[in-house]
Amino acid sequence: MLGKKRKLGKKINDLQTGEKFTKSFTIEDRDLLIYLGLTDDANPLYIQHDYASQTPFKRPVVPTVMIVGMVSSMISMHLPGPGSHITQQNLQYPKPLYHYAEVRFHLEIVDINKKDHYIQLEVQGYDGEGEEVVKGNLIVQPPYEPDSMNAISLENFY
């Protein structure tokens, strides 16, 4: 992020019901190892092929919290964008996501509550075979309009 100017995402008055954002991610070994190292999570279902092969999953699966992290990244960087905050989520994982998979997420604004300053987003995620790996909804507070006369200074952070 060095050398890039960052601005706040869309404010609540700039958002519209039906607005969408789509993004794909590929699950790489380095991503899994970073997650597992940061969280000290040694679940054999995530990293041990010999163990996972003896389960109904047949191979190591991606931790669901990593899927949540990808969704959170889309919200905080794109819709509504920087300055937003997830306050509630209800997510289901109908099928496991496996290592090396590509996953495609779709976000859509389904409700806007200007009075209480939040939006409701629906999320769906599909693996490369088109199988649903996550679905649900999130309540998100879009960025607040800064009161400061120096709000423009946010544009100068690198």
Taking the side chain as C-beta and beyond, is there a heavy-atom pair between [X] and [Y] under 4.5 Å?
| X | Y | result |
| --- | --- | --- |
| Leu97 | Val134 | no |
| Lys58 | Ser53 | no |
| Pro44 | Tyr46 | no |
| Asp111 | Thr17 | no |

Which pairs would a plain distance check flag for residues 32-39, meaning a side-chain donor or acceptor within less than 3.5 Å of a matching protein atom at least two apart in sequence or in another chain?
{"unit_1": "Tyr35", "atom_1": "OH", "unit_2": "Asp41", "atom_2": "OD2", "d": "3.2"}
{"unit_1": "Thr39", "atom_1": "OG1", "unit_2": "Tyr35", "atom_2": "O", "d": "2.9"}
{"unit_1": "Thr39", "atom_1": "OG1", "unit_2": "Asp41", "atom_2": "N", "d": "3.4"}

### By side chain to side chain donor-acceptor pair (under 3.5 Å) - contacts of Arg59 (at least two apart)
none
### Query
For Lys95, which residues count as a salt bridge (charged side-chain N to carboxylate O under 4.0 Å, His left out) partner, sequence neighbours excluded?
Asp127
### Task
Please name all residues satisfying salt bridge (charged side-chain N to carboxylate O under 4.0 Å, His left out) with Lys23, sequence neighbours left out, ordered by chain then number.
none
Check whether [X] reaches the backbone of [Y] with its side chain - one donor and one acceptor, N or O, closer than 3.5 Å.
| X | Y | answer |
| --- | --- | --- |
| Asp116 | Asn113 | no |
| Tyr100 | Thr26 | no |
| Ser84 | Pro80 | no |
| Ser73 | Gly69 | no |
| His85 | Pro142 | no |

### Query
Under 4.0 Å between a Lys/Arg side-chain N and an Asp/Glu carboxylate O for Glu19 and Lys10?
yes
From [atom1] ([X]) to [atom2] ([Y]), nearest 0.5 Å:
| X | Y | atom1 | atom2 | value |
| --- | --- | --- | --- | --- |
| Leu91 | Thr64 | CG | OG1 | 9.0 Å |
| Asp14 | Gln16 | CG | CD | 9.0 Å |
| Met66 | Ile27 | CE | CD1 | 5.5 Å |
| Leu121 | Ile119 | CG | CD1 | 4.0 Å |
| Leu138 | Ser72 | CG | OG | 9.0 Å |

### Message
Check this for me: Tyr144, atom OH, are more than 12 non-hydrogen atoms of other residues, nucleotides or ligands nearer than 6.0 Å?
### Response
yes
### Task
List the steps, then state whether side chain to side chain contact (heavy atoms under 4.5 Å, CB included) holds for Thr87 with Val140.
CA-CA 6 Å; Thr87 61; Val140 176; over 6 Å; no
### Query
Passes side chain to side chain contact (heavy atoms under 4.5 Å, CB included), Tyr93 versus Val68? Steps please.
CA-CA 10 Å; Tyr93 307 92; Val68 174; 3.0 Å; yes
#### Entry: Linked hydrophobic residues, Tyr118 as query - side chain contacts closer than 4.5 Å
Ile139
Show the atom names and distances, to 0.1 Å, of all donor-acceptor pairs under 3.5 Å that link a side chain in residues 103-110 to residues at least two apart or in another chain.
{"unit_1": "Arg104", "atom_1": "NH1", "unit_2": "Ser24", "atom_2": "OG", "d": "2.7"}
{"unit_1": "His106", "atom_1": "ND1", "unit_2": "Thr22", "atom_2": "OG1", "d": "3.0"}

